[in-house]
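As a basis for the values below, the full set of heavy atoms in this structure was taken, side chains included, without hydrogen atoms, waters or symmetry mates.
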Amino acid sequence: MSPSRIQALRAQCGGPRDGALLRFSLGAALLDANDAAGARAELERATAFDPAYSAAWKLLGKACVESGDIMAAAQAWRRGIAAAEARGDEQARKEMTVFLRRLERSAD
């Protein structure tokens with residue numbers, strides 16, 4: 001994602017369009033730009049706006065892994081699995097379950 005796109009997304013933060021989707025989009029853009037710490041902060045905001053947003057939890061876990069915080073990644077994916085189950089989002093639940101199992105295996 002281009003720096004201008006990230007800047008455009010950031011410009012909308014705090015405005016009337018601010019919310020889970022904007023923060024998710026910004027977090028995804030930052031992760032694509034190899035800014036895992038920035039992505040993590042925005043994805044945490046996305047999940048604060050909408051704790052049931054399973055895609056945000058999934059990407060938050062990835063950002064945590066990329067920033068080296070394995071414990072936070074596991075916690076994000078556990079919360080994401082619960083959110084996905086509550087919404088009936090079976091695909092997201094399956095993906096995060098796989099990610100969590102891989103993470104737990106690599107920690108052993």
Original post:
Which atom pair, heavy atoms only, marks the closest approach of A36 to L31?
Top reply: CA-CD1, 4.1 Å
Original post:
So, are E104 and R78 salt-bridged, with charged N and O less than 4.0 Å apart?
Top reply: yes
**OP:** Compare all side-chain heavy atoms of D18 with those of R23 and state whether any distance is below 4.5 angstrom.
**Re:** yes
Subject >> From R105 atom CZ to L100 atom CG, the distance as rounded to the nearest 0.5 Å >> reply: 10.5 Å
**OP:** Mind checking salt bridge (Lys or Arg N to Asp or Glu O under 4.0 Å) for R45 and listing every partner two or more places apart, or none if nothing turns up?
**Re:** E42
Original post:
Nearest heavy-atom pair of L22 and C13: which atoms, and what distance?
Top reply: CD2-N, 3.7 Å
Subject >> Nearest-0.5 Å distance, CG of residue L21 to CZ of residue F49 >> reply: 11.0 Å
Original post:
When rounded to the nearest 0.5 angstrom, what is the spacing between CG in L30 and CZ in R5?
Top reply: 11.5 Å
Between side-chain atoms of residues 54-61 and protein atoms elsewhere (two or more places apart, or another chain), which donor-acceptor pairs fall under 3.5 Å?
from: S54; atom 1: OG; to: D89; atom 2: OD2; distance (Å): 2.8
from: W57; atom 1: NE1; to: P51; atom 2: O; distance (Å): 2.8
from: K58; atom 1: NZ; to: E95; atom 2: OE1; distance (Å): 2.4

**OP:** Hey, could you give me the CD/OG distance between Q12 and S25, rounded to the nearest 0.5 Å?
**Re:** 9.0 Å
**OP:** Nearest 0.5 Å please: distance from the CG atom of L26 over to the CD atom of Q7.
**Re:** 11.5 Å
Subject >> Minimal non-hydrogen separation, L43 against A63, with atom names >> reply: CD1-CB, 4.1 Å
Original post:
Looking only at heavy atoms, what is the nearest atom pair of C64 and R40, with distance?
Top reply: SG-NE, 3.6 Å
Original post:
Any side-chain heavy atom of V65 within less than 4.5 Å of one from W77?
Top reply: yes
Original post:
Should E90 and R93 count as an ion pair when the cut-off is N to O under 4.0 Å?
Top reply: yes
Original post:
When rounded to the nearest 0.5 angstrom, what distance separates CG in L9 from CZ in F24?
Top reply: 12.0 Å
